[in-house]
Amino acid sequence: MNGYQKYFTLGGLFSAMVLLCFTSCVPQFEYIFYNHSSRDLTLVTHSESYSVRSNDVVSVGHLGRKIEISDGQVQWEYDISQMPMVPRDYWGWGFSASKIRCQIESSGAVYLLLPGEPMPAHIDPLHPPALFVEPISPRAR
């Protein structure tokens, strides 16, 4: 192997390591949930629990297959694995991940918000925006 080949082989290996580091350390999607339920909520993913006050946001890197949202009285369960892929129109671009913006309503429904749409978004019951996910089973605690 001559010096040229060694340089390109080491350069390729270094590039692959840097690419692997950047792509494996960062989630592909960041989910930003706006709490429009008028109650403080707890959002539980596969491995983490997040508190989000009324009219505030929480950022979640990975949802897992199921999530739960609770206000202390009612708990909603969501099966994320059964949802269709989020349409690309709803992807906002960030430095490290695509941002998916959602709004949690008092009914437990979670709606998608377009990039740049104000939070809270007005949800017209006759013409609601794209539904991110509906609860499987609301239940009293």
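Position 1 is the first residue of the sequence, and the numbers go up from there.
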(Q) Within this structure, what is the CZ-OG distance for the pair R53 and S37, rounded to the nearest 0.5 Å? (A) 12.0 Å
Q: Report yes if some heavy atom in the side chain of E77 is under 4.5 Å from a heavy atom in the side chain of K66; otherwise report no.
A: no
Q. Is the backbone N or O of V52 less than 3.5 Å from a side-chain atom of N35, with the two atoms forming a donor-acceptor pair by type?
A. yes
Q. So among V60, T42, L41, which one has a side-chain contact (heavy atoms from CB on, under 4.5 Å) with Y50?
A. V60
(Q) Within the structure provided, determine whether E105 and V110 are in side-chain contact (heavy-atom separation under 4.5 Å). (A) no
Q) Looking only at heavy atoms, which two atoms of S54 and S38 are closest? And how far apart? A) OG-CA, 3.3 Å
**Q.** Point-to-point distance, once rounded to the nearest 0.5 Å, from CD of E68 to OH of Y78
**A.** 10.0 Å
Q) Does the side-chain contact (heavy atoms from CB on, under 4.5 Å) test come out yes or no for Q75 and I69, once each step is laid out? A) CA-CA 6 Å; Q75 177 175 317; I69 297 177; over 6 Å; no
Q.
For D56 and Y34, which I'm curious about, is there any donor-acceptor pair between the side chains at under 3.5 Å?
A. no
Q: Give a yes or no on whether V74 and V44 share a hydrophobic cluster (residues Ile, Leu, Val, Met, Phe, Trp, Tyr; joining criterion: side-chain heavy atoms under 4.5 Å apart).
A: no
Q.
Starting from F29, can I reach F33 by hopping between I/L/V/M/F/W/Y residues whose side chains sit under 4.5 Å apart?
A. yes
Q: Could you grab the distance from atom NE2 of H36 to atom OG of S107, nearest 0.5 Å is fine?
A: 11.5 Å
Q) If you draw a 6.0 Å radius around CZ in R65, do more than 12 non-hydrogen atoms from other residues or ligands fall strictly inside? A) no
Q.
Is there a side-chain contact between K99 and P115 in this structure, where contact means two heavy atoms from C-beta onward sitting under 4.5 Å apart?
A. no
Q) What pair of heavy atoms forms the shortest contact from L43 to T45, and how long is it? A) CD2-CG2, 3.7 Å
Q) Between atom CD1 of I100 and atom CD of Q28, what is the distance when rounded to the nearest 0.5 Å? A) 11.0 Å
**Q.** Donor-acceptor contact below 3.5 Å, side chain R101 vs main chain E117
**A.** yes
Q | Pair C102-L112, side-chain contact (heavy atoms from CB on, under 4.5 Å): steps then yes or no | A | CA-CA 5 Å; C102 308; L112 290 172; 4.3 Å; yes
